[in-house]
Amino acid sequence: MHTERNHDRYFSSELLNWYDVNKRDLPWRRSRDPYHIWVSEIMLQQTRVDTVIPYFHRFIERFPTIEALADAPEDDVLKCWEGLGYYSRARNLQSAARQITEQYGGVMPSGKEEVAGLKGVGPYTAGAIRSIAFNIPAAAVDGNVMRVLSRYFLIEDDIMKIKTRTRMEELVLTLVPEGRASDFTQALMELGALICTPKSPKCLVCPVMEDCAGRLEGKEESLPVKTKAKPPRPEHRLAAIVEGTGVHEGKILIRKRPAAGLLAGMWELPHIEVPSGLSAVSTKGAAELSDVSAVSTKGSAAASDTAYVHSGAVVVPPENAAAVIGLTDGLLAEGIPARPIGHYMDAEHTFSHIQWKMSVYRCVWQEEPESLSGLQAAETAAAYEAGETNDYRWIDAGDMERYAFPNVFIRILTSYFSKRDAAGSR
DNA sequence: CATGCGTGGCT
DNA sequence: TAGCCAAGCAT
């Protein structure tokens, strides 16, 4: 029978022995540069290893040092982060790089207060940087670690509670073997990633299975205890592909999102939310609109079996009329005098907390603008959402590499440009 | 302490 | 397929 003390030593030494043999060869493990460790830890927050690897390589190549990151334009950093999600991570990372450049001469500090004081660095990441990069005995308790510990020590507290994580941090500190903080932190997470997985844990090949209280109680599948997240709330949105005329012929209009909140600082197609009372974005109706949009200008839509109403110059099925009027008015309220000329596609995008159901319309500019000055001067130009965004650009396919877009807009834009260019070359 | 904040892979 | 989930942090 193990005493409490031997119990702990058994766990730590078996875990380390296993890690020495089974650890993966990951890019950030080929370096002890605290900057590399730091970047990898930020990228790995809520994100899978396989997803992170290519981003990590590109990021380090593009911003080789903390100072290079500090000196870069924010748009460049966001572009490098494009598609990775949780974009505040990128903005906070650069903010912290500037912090380190100014306060610590460009050298990552190792002190607890200093590291934890960096923007975007919370309790987990602070512990990870200090233990992994500096081999300091510090707790880095993430989802993996909480899963491993809750099973091994049969801890049935809800891991969504802060208190549970704090308790586990204290527990970890009692387990760190002398002089091996770096390996121990990584070993704990590696076990969670490879063996002690959320579903179907591989107990039979686990190095500490003999003493795992959770497994001995048959509870390995039901641990950790975790309150489940609320499902995302649906949001109907109408997006516009505004096609330029005159000097902007062949280009479409994009705008920059506000500096705070959802997708902060990213570029996007202009779009508005459809009030939830207005069930305007019927997929069926949208498809019908798409079918008739080509003939609508000839005024022959009345020949169709379905009854259509006129909303401005575009012919739409009744259930879409309100939506298209809403889009026209919504764009105008932002100073964009555009007119929908037909449905282009539907797109769904699910965030952690919101599900966008987008209906995308091709639109034409109603004037012959020489520039955006008319747009910006428009008296009706309202603040975009609450963010006061007034940054618009006309872009073509080649310009896409210069702006950072959320994935949903990349999908729409890529589809639009490729389809249009294919049609144009015929 | 609860909520806002992305995305893609898995079952 | 439609949830679930994955190396969290800021507020």
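Just so we're on the same page: letters track the sequence lines, and every chain starts at 1.
Note: CE (Met43(A)) to C1' (dC5(B)) measures 17 Å, nearest angstrom. Between Ile354(A) atom CD1 and dG6(B) atom C1' the separation is 11 Å, expressed in whole Å. As a whole-Å value, the separation of Gln46(A) CD from dC4(C) C1' is 13 Å. Atom pair Leu263(A):CG and dT7(B):C1' shows a separation of 11 Å (rounding to whole Å applied). Between the C1' atom of dC9(C) and the CD atom of Glu169(A) lies a distance of 13 Å, rounded to the nearest Å. Following rounding to the nearest Å, Lys230(A) (NZ) and dC5(C) (C1') show an atom-to-atom distance of 18 Å. Spacing between atom CZ of Arg411(A) and atom P of dG6(B) amounts to 15 Å, rounded to whole angstrom units. In this structure, the CD atom of Glu348(A) is 9 Å from the P atom of dA2(C), given to the nearest Å.
If you take NZ on Lys357(A) and CD on Gln355(A), they are separated by 4.0 Å, rounding to the nearest 0.5 Å. A distance of 4.5 Å separates CG of Leu44(A) from CH2 of Trp28(A), quoted to the nearest 0.5 Å. Summarising the geometry, atom CZ belonging to Arg237(A) is positioned 12.0 Å from atom CG belonging to Leu327(A); distances are rounded to the nearest 0.5 Å. The SG atom of Cys363(A) lies 9.5 Å from the CZ atom of Arg339(A); values are rounded to the nearest 0.5 Å.
Nearest to the side-chain atoms of Arg48(A) among the listed nucleotides dG8(B), dT7(B), dC9(C) stands dG8(B). The side chain of Ser352(A) sits closest to dG6(B) out of dG6(B), dC9(C), dC1(B). The side chain of Asp142(A) has dG8(C) as its nearest neighbour among dG6(B), dA2(B), dG8(C). With dT7(B), dA2(B), dG8(C) as the candidates, the nucleotide lying closest to the side chain of Phe351(A) is dT7(B).
In this structure, Ile37(A) reaches neither bases nor backbone, as no heavy-atom distance under 4.0 Å exists between it and the strands shown. When heavy atoms are screened at a 4.0 angstrom cut-off, Lys119(A) is found touching the sugar-phosphate backbone but no base atom. Using a 4.0 Å heavy-atom distance criterion, Arg147(A) is classed as a sugar-phosphate-only contact. Residue-level contact check: Pro231(A) touches neither bases nor backbone, having no heavy atom under 4.0 Å from any strand. As judged by a 4.0 angstrom heavy-atom cut-off over every strand, Leu84(A) is placed among the base-contacting residues. Val52(A) comes within 4.0 angstrom of nothing in the nucleic acid, heavy atoms only. Using a 4.0 Å heavy-atom distance criterion, Gly261(A) is classed as a sugar-phosphate-only contact.
A close approach under 4.0 Å does not occur between any side-chain nitrogen or oxygen of Tyr86(A) and OP1 or OP2 of dG4(B). Between His349(A) and dG6(B) there is no side-chain N or O to OP1 or OP2 distance below 4.0 Å. Using a 4.0 Å cut-off, some side-chain N or O of His353(A) falls inside it from OP1 or OP2 of dC5(B). For dG8(B), one of the phosphate oxygens OP1 or OP2 lies less than 4.0 angstrom from a side-chain nitrogen or oxygen of Asn407(A).
Each of Lys228(A) and Leu44(A) was matched to the nucleotide of DNA chain C holding its nearest heavy atom; the match closer to the 5' end belongs to Lys228(A). With the nearest nucleotide of DNA chain C identified for both Ala229(A) and Ser40(A), Ala229(A) has the one nearer the 5' end. With the nearest nucleotide of DNA chain B identified for both Lys163(A) and Leu262(A), Lys163(A) has the one nearer the 5' end. Taking for each of Met160(A) and Ala264(A) the nucleotide of DNA chain B with the nearest heavy atom, the 5'-most of the two is the partner of Met160(A).
For a distance-only test at 3.5 Å, the side chain of Thr51(A) fails to qualify as a donor-acceptor partner of the base of dG9(B). For Thr125(A) against dG8(C), a side-chain-to-base donor-acceptor contact under 3.5 Å is absent.
Between Glu102(A) and Arg98(A) no salt bridge is recorded (no basic side-chain N to carboxylate O distance below 4.0 Å).
Remark: the Arg29(A) side chain and the Ser40(A) side chain contain no N/O donor-acceptor pair separated by less than 3.5 Å.
With ring centers used as reference points, Phe11(A) lies under 6.0 Å from Tyr152(A).
Taking the P atom of each, dG6(B) and dT11(C) are spaced 14 Å apart, rounded to whole Å.
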